[in-house]
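Each ligand, and each atom within it, is numbered from 1 in the order the structure gives. Residue numbers run from 1 in the order of the sequence given. Scope of the values below: all heavy atoms of this structure, side chains included, with no hydrogens, waters or symmetry mates.
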Amino acid sequence: MSDLHQTIRELFENSQNIVIVSHIRPDGDCVGSVLGLGMALIEKGKNVQMILRDGVPSSFKHLPGSDLVIRKPNAPYDLSIVVDCSDLIRTGGVLDGARPVLNIDHHITNLNFADINFVEAESAATAAILTKYLQQWGLSITESVARNLATGIISDTLGFRTSNVTPETLRLTANLMDTGIRLDDLYFQALVQRSIDSLNYWGKGINNIQRDGRLIWTTLTMKDRKEAGYTGNDDADFINILSGVQDFDIAVIFVEQSGKRVKVSWRAKAGWNVSQIALQFGGGGHPAAAGAELSGKLEDIQTQVLSATSLILTNQANDNKQERDASSTNGFGDR
Ligand code: AMP
Ligand code: MN
Ligand code: MN
């Protein structure tokens, strides 16, 4: 076993009071990773505080352990673990500025903010990293752990259809299925089931679609949210619809927030990389999916973000062409 795995195993063995933290605006990988690792440590007899500043969204309340999640630590701890976060700001300040001991993540933009940084950017989900290594780290994958981890993998891969899904992602999921979980059920809960309000909200997003060349974008204002009766402050996953529209390379969504803030999400077709542009705007993510939260007027942010995104379309088109010219015999055509 490598030194790093041995170190993590010993950390788990030697700590009794453990805090696990993930990001604000929790998604399925965030919730599934906190609960999957948390339940595995609880089953090992540890005292675990599972922390999400924004709590567990209603769509993930069916997951084992979700009722144990609290919004900030309420007891002392000797080990702090951050999962599925590329930077500490995204935890929403729940660790009060303390440096975490362990950072487990799959974002290429991860800032290595902890004492021990276990970052595998090629992994499709943080939950896939946990599935791969939990046993080496001395923990067991029971059915309740597996339900959480499978939800993380299903969510971040949009049901195994993102470009970073590998045979290993499927094998790891198959190992989780061996514990007896119902993948169809978890899939339905994580990705298919929608409220009527969110469909009304999608309607607003459809009405607001704009395009320019290979770029497509839409805006969801607070007024849209109110009129639709949608109670979340996110895009209700509308970006996944927008990014499926034909003949576009990059999709962007602007979601107006209170306090003059705007959440921006980027999605890119294979061959493009939007992680660096998100980083440039103070956010982060993956080559194909990234996000940032910006302060300012919606219109100003749109102008800035759209012109910077158009620029990467131009620059990366040149890079992609050079790569194609250099390897024109690979038989797969372009991108
Ligand atoms: P989203 O657009 O929020 O669905 O996020 C797409 C990807 O970018 C996810 O992997 C997020 O974890 C990441 N991401 C989104 N917002 C931020 C942010 N403000 N800082 C760092 N990473 C982010
Ligand atoms: Mn996440
Ligand atoms: Mn993730």
### Query
Same hydrophobic cluster for Val119 and Leu149, using side-chain heavy-atom links shorter than 4.5 Å among ILVMFWY?
no
### Message
How long is the straight-line distance from OG of Ser275 back to CH2 of Trp266, given to the nearest 0.5 Å?
### Response
10.5 Å
### Summary
Applying ring pair (Phe, Tyr, Trp, His ring centres under 6.0 Å) to Tyr201 and not counting sequence neighbours gives Tyr230
#### Entry: Contacts of Ser33 that satisfy side chain to side chain donor-acceptor pair (under 3.5 Å) - sequence neighbours left out
Asp29
### Task
Rounded to the nearest 0.5 Å, what's the gap from CZ on Arg71 to CZ on Arg53? Could you check?
9.0 Å
### Task
Would you name the heavy atoms of Thr219 and Asn208 that are closest together and state the gap between them?
O-ND2, 2.8 Å
#### Entry: Greater than 12 external heavy atoms within 6.0 Å of Ile24's CD1
yes
### Query
In terms of side-chain geometry, is the basic nitrogen of Lys263 or Glu293 positioned less than 4.0 Å from the acidic oxygen of its partner?
no
### Message
What I want to find out is whether Glu13 reaches Arg9 closely enough, with some N-O distance under 4.0 Å, to be called a salt bridge.
### Response
yes
### Message
the Mn ion (ligand 2) and Cys85: any N/O/S contact shorter than 2.8 Å?
### Response
no
## Note on the structure
At a cut-off of 2.8 Å, protein N/O/S around the Mn ion (ligand 3) gives Asp29 OD2, Asp84 OD1, His106 NE2, Asp156 OD2
### Query
Do Ile81 and Leu52 belong to the same hydrophobic cluster, where Ile, Leu, Val, Met, Phe, Trp and Tyr are linked whenever their side-chain heavy atoms lie under 4.5 Å apart, directly or via other members?
yes
### Task
Anything with a heavy atom under 4.0 Å from ligand 1 counts, so go ahead and list those protein residues by chain and number.
Ser86, Asp87, Arg90, His107, Lys263, Ser265, Arg267, Gly283, Gly284, Gly285, His286, Ala289, Ala290, Gly291, Ala292, Glu293
